Amino acid sequence: MKNVTVVEHPLVQHKLSLMRRKETPTAMFRQLIRELSMLLGYEVTRDLPMGKERIETPIMEMDAPVLTGKKLVFISVLRAGNGLLEGLLDLIPSARVGHVGLYRDPDTLVAVEYYFKVPDELDERKVIIVDPMLATANSAIAAVQRVKEAGARDIKFVCLLAAPEGIEAFQQAHPDVQIITAAIDHQLNDHGYIVPGLGDAGDRIYGTK
Ligand code: PRP
Ligand code: URA
């Protein structure tokens with residue numbers, strides 16, 4: 001699929017299977033999503049701009065590769081996005097962070113916004129939006145739209161699971177935004193849940209059900 005990267009690394013797939021298991025307890029689920037976000041973070045940051053800096057090792061001087069450019073921005077789609085955010089911040093502690101608060105209306109599946117706060121100069125920064133689930137994609141489409149309205153031009157979307165229907169809708173709305181996911185599942189059920197999926201990501205991260 002164009003503009004979709006599935007991270008098929010064995011560690012990613014194994015950890016994802018552990019997360020899918022319904023008996024996996026909250027603490028372990030939270031730990032796993034943190035670990036997975038670091039592994040997905042490795043993939044999504046592949047094209048960060050690099051420069052050289054003169055340093056001195058204990059042996060000699062050298063021009064060593066270092067990250068350059070403006071600080072990266074992670075934008076978490078609340079609340080489940082925070083599960084992915086924490087591991088990414090472990091990886092890149094200096095990143096700027098934005099939050100988009102959205103919930104899915106359980107009847108219409110429409111994304112309803114309740115919060116929006118993002119860093120400035122988004123037009124000059126690489127922006128990575130994170131939310132573990134891309135189901136109908138209503139939430140992801142709305143989040144990307146708001147972030148674009150705030151100026152962002154260079155955007156990637158990271159999730160754990162995506163439904164084929166969601167990918168199609170997302171790509172129609174935002175063909176310029178690459179999706180990085182750990183898996184593409186079979187389909188959505190009548191309630192808009194990903195099948196086989198992992199259930200409600202927010203509830204499983206925070207133990208609210
Ligand atoms: C979940 C998930 C996504 C959304 C995906 O959030 O974290 O944001 O559903 O579904 P969609 O692709 O059909 O829009 P939810 O609305 O359950 O809110 P929560 O994170 O606050 O629990
Ligand atoms: N949101 C979730 O948390 N899980 C799904 O399967 C679909 C939307």
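Side-chain atoms are counted along with the backbone in the values below, which use heavy atoms only and exclude waters and symmetry mates. Heads up: numbering here begins at 1 and tracks the sequence. Just so you know, ligand 1 is whichever comes first in the structure, and atom 1 is the first atom listed for that ligand. Everything quoted here is computed from the prediction, not taken from an experiment.
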Item to complete: Verify side-chain contact (heavy atoms from CB on, under 4.5 Å) between Ile184 and Ile167, making sure each step is shown before the conclusion.
Response: CA-CA 9 Å; Ile184 300 173; Ile167 292 176; 3.7 Å; yes

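- Under the 4.5 Å side-chain criterion, counting only non-hydrogen atoms from C-beta, Met50 is in contact with Leu67.
- An N or O contact shorter than 3.5 Å is missing between Asp203 and ligand 1 by distance.
- Checked for salt-bridge contact, Asp200 and Arg104 miss the test: no charged N lies under 4.0 Å from a carboxylate O.
- Considering backbone and side-chain N/O atoms, Ala80 comes within less than 3.5 Å of an N/O atom of ligand 1.
- The closest protein non-hydrogen atom to atom 19 (P) of ligand 1 is Arg79 NE, 3.6 Å.
- Within the 4.5 Å cutoff, side-chain heavy atoms of Lys156 are placed close to those of Ile180.
- At a threshold of 4.5 Å between non-hydrogen side-chain atoms, the residues Arg204 and Arg30 do not count as touching.
- Contact annotation: for Thr136 versus ligand 1, heavy atoms closer than 4.0 Å belong to both the backbone and the side chain.
- Note that CG of Leu40 is 9.0 Å distant from CD1 of Ile33, once rounded to the nearest 0.5 Å.
- Within 4.0 Å of atom 6 (O) of ligand 1, not a single protein heavy atom is present.
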Which protein N or O atoms sit under 3.5 Å from any N or O of ligand 2? Give atom names and distances.
unit_1: ligand 2; atom_1: 3 (O); unit_2: Ala201; atom_2: N; d: 2.8
unit_1: ligand 2; atom_1: 4 (N); unit_2: Gly199; atom_2: O; d: 2.8
unit_1: ligand 2; atom_1: 6 (O); unit_2: Ile194; atom_2: N; d: 2.8

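- For atom 1 (C) of ligand 1, the nearest protein heavy atom lies 4.0 Å away or farther.
- Counting the atoms of ligand 1 from 1 in the order shown, those under 4.0 Å from a heavy atom of Tyr103 are 16 (O).
- By the 4.0 Å N-to-carboxylate-O rule, Arg79 lies close enough to Asp203 to be salt-bridged with it.
- When hydrogens are left out, the protein atom nearest atom 18 (O) of ligand 1 is Leu102 O, 4.0 Å; that is the closest non-hydrogen contact.
- Comparing Asp200, Val77, Asp105 by heavy-atom distance to atom 17 (O) of ligand 1, the nearest is Asp200.
- Of the heavy atoms in Ala137, only backbone atoms (N, CA, C, O) come closer than 4.0 Å to ligand 1.
- More than 12 non-hydrogen atoms from other residues, nucleotides or ligands lie less than 6.0 angstrom from CZ of Arg54.
- Atom CG of Leu89 and atom OG of Ser94 lie 9.5 Å apart (nearest 0.5 Å).
- A salt bridge is absent between Asp123 and Arg153; no separation between the charged side-chain nitrogens and carboxylate oxygens falls under 4.0 Å.
- Among Lys209, Arg204, Arg104, the residue whose heavy atom sits closest to atom 9 (O) of ligand 1 is Arg104.
- Annotation: side chain of Val130 is in contact with side chain of Ile128 (closest heavy-atom distance under 4.5 Å).
- Shortest contact from atom 4 (C) of ligand 1 to any protein heavy atom: Ser139 OG, 3.5 Å.
- From Leu48, atom CG reaches atom NZ of Lys126 across 6.5 Å, with rounding to the nearest 0.5 Å.
- For atom 8 (O) of ligand 1, the closest heavy atom belonging to the protein is Asp131 OD2, 2.5 Å.
- For a threshold of 3.5 Å applied to N or O pairs, the pair formed by Gly202 and ligand 1 contains no separation below that value.
- When side chains are defined from C-beta on, Val4 counts as touching Thr181, because their heavy atoms get closer than 4.5 Å.
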